[in-house]
**Student:** 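After the structure tokens below, expect a handful of questions from me.
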Amino acid sequence: MILNRVEYILMNNPIRAAVQRFVEVRRLLRLGGALDGGAALEIGCGRGVGAQLVLGHFGVASLDAFDLDPRMVRRARARSENWGNRVRLWMGDAAAIAAADATYDAVFDFGILHHVPQWRVALAEVSRVLKPGGRFFAEEVLRPFIQLAVSRLLFDHHRVSGLTPWSFRLE
């Protein structure tokens, strides 16, 4: 789903970037560790902050990234001008990832799955494009937060998300 106005503002501000940089990246590195080269994918790349952090902190050789929102892909492209051929960006849907099976050493999710109505299909797609032994780095907003009254008032995704901590089991 495309972000509503409130979500767009919240995702495109320095506070969100700081949380990604100083909280989420550190936590994901602690949980999954850095990679020694390899190819990675970011689903729902937004304005490209996550891609910048993956390239700068996780040791990947190359990164593919996509977003459903053309505004976000444009912003990510502008941010990625200095990354050269290490990054490939496109418009895409997490429920139908445009990549061959077993393509990536890692897939990154910086809070996108709760926006995907078919999030179970998206998780299956993540599993499909990961190489055997690949890592799924996910930071996600779960159902208890989404179902708060203030969240239901401001955000559209409360109608689609049923994500729980045990939802991320990839087989």
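Computed from a predicted structure; not experimentally measured.
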**Student:** Would you mind checking if Glu24 and Arg27 are paired as a salt bridge, meaning a charged N to carboxylate O distance below 4.0 Å?
**Tutor:** no
**Student:** Is Val107 reachable from Leu35 through a run of I, L, V, M, F, W or Y residues, each pair having side-chain heavy atoms under 4.5 Å apart?
**Tutor:** no
**Student:** Rounded to the nearest 0.5 Å, what's the gap from CD on Glu125 to CG on Asp93? Could you check?
**Tutor:** 9.0 Å
**Student:** Quick check for you: to the nearest 0.5 Å, what is the distance between His57 atom NE2 and Arg21 atom CZ?
**Tutor:** 6.5 Å
**Student:** Please answer whether the main-chain N or O of Ala61 pairs with a side-chain N or O of Arg86 as donor and acceptor at a distance below 3.5 Å.
**Tutor:** yes
**Student:** Tell me every residue that passes side-chain contact (heavy atoms from CB on, under 4.5 Å) with Ser62, counting only those two or more places apart in sequence or in another chain.
**Tutor:** Ala39
**Student:** Output yes when a side-chain donor or acceptor of Ser80 lies under 3.5 Å from a complementary backbone atom of Arg77, and no otherwise.
**Tutor:** yes
**Student:** If every non-hydrogen atom of Cys45 is compared with every non-hydrogen atom of Leu89, which pair is closest and at what distance?
**Tutor:** SG-CD2, 4.2 Å
**Student:** Does the Asp67 side chain pair with the main chain of Val73, one donor and one acceptor, at a distance under 3.5 Å?
**Tutor:** no
**Student:** Can you get from Leu29 to Val54 by hopping between Ile, Leu, Val, Met, Phe, Trp and Tyr side chains that sit under 4.5 Å apart?
**Tutor:** yes
**Student:** Provide the closest heavy-atom pair for Ala106 versus Phe137 in the form atom of the first, atom of the second, distance.
**Tutor:** CB-CE1, 3.9 Å
**Student:** Minimum heavy-atom separation for Phe108 to Ala40, with atom names?
**Tutor:** CE1-CB, 3.9 Å
**Student:** Hey, is the main chain of Ala99 close enough, under 3.5 Å, to the side chain of Arg128 for a donor-acceptor pair?
**Tutor:** yes
**Student:** To the nearest 0.5 angstrom, please state how far the CD1 atom of Ile15 sits from the CD atom of Gln20.
**Tutor:** 13.0 Å
**Student:** Please report the interatomic distance CE(Met91) to CZ(Arg71), rounded to the nearest 0.5 Å.
**Tutor:** 11.0 Å
**Student:** What are the two closest heavy atoms between Lys131 and Thr103, and how far apart are they?
**Tutor:** CE-O, 3.3 Å
**Student:** Not counting sequence neighbours, which residues clear ring pair (Phe, Tyr, Trp, His ring centres under 6.0 Å) with Phe110? List them please.
**Tutor:** none
**Student:** Do Ile112 and Trp90 belong together in a cluster built from hydrophobic side chains that touch within less than 4.5 Å?
**Tutor:** yes
**Student:** Decide if atom CG of Asp36 counts as having more than 12 heavy atoms of other residues, nucleotides or ligands within a radius under 6.0 Å.
**Tutor:** no
**Student:** Could you go step by step and tell me if Phe66 and Leu41 meet the side chain to side chain contact (heavy atoms under 4.5 Å, CB included) rule?
**Tutor:** CA-CA 8 Å; Phe66 65 85; Leu41 172 70; 3.9 Å; yes
**Student:** Is there a continuous path of hydrophobic side-chain contacts, each under 4.5 Å between heavy atoms, that joins Trp119 to Leu130?
**Tutor:** yes
**Student:** Hey, could you give me the CG/CG distance between Leu55 and Asn82, rounded to the nearest 0.5 Å?
**Tutor:** 12.0 Å
**Student:** Determine, using the 4.5 Å side-chain heavy-atom cutoff (strictly less than), whether Val87 and Leu53 are members of one ILVMFWY cluster.
**Tutor:** yes
**Student:** Does the side chain of Phe58 reach to within under 4.5 Å of the side chain of Val25, using non-hydrogen atoms?
**Tutor:** yes
**Student:** Can you give me the closest heavy-atom contact between Arg47 and Asn13, atom names plus distance?
**Tutor:** NH2-O, 3.1 Å
**Student:** Which heavy-atom pair separates Tyr104 from Asp64 by the least distance, and what is that distance?
**Tutor:** OH-OD2, 2.6 Å
**Student:** Which residue, Val49, Asp69, Asn12, forms the side-chain contact (heavy atoms from CB on, under 4.5 Å) with Arg75?
**Tutor:** Asn12
**Student:** To the nearest 0.5 angstrom, please state how far the CZ atom of Phe136 sits from the CG atom of Leu28.
**Tutor:** 10.0 Å
**Student:** So do Ile43 and Leu113 actually touch side chain to side chain, heavy atoms under 4.5 Å?
**Tutor:** yes
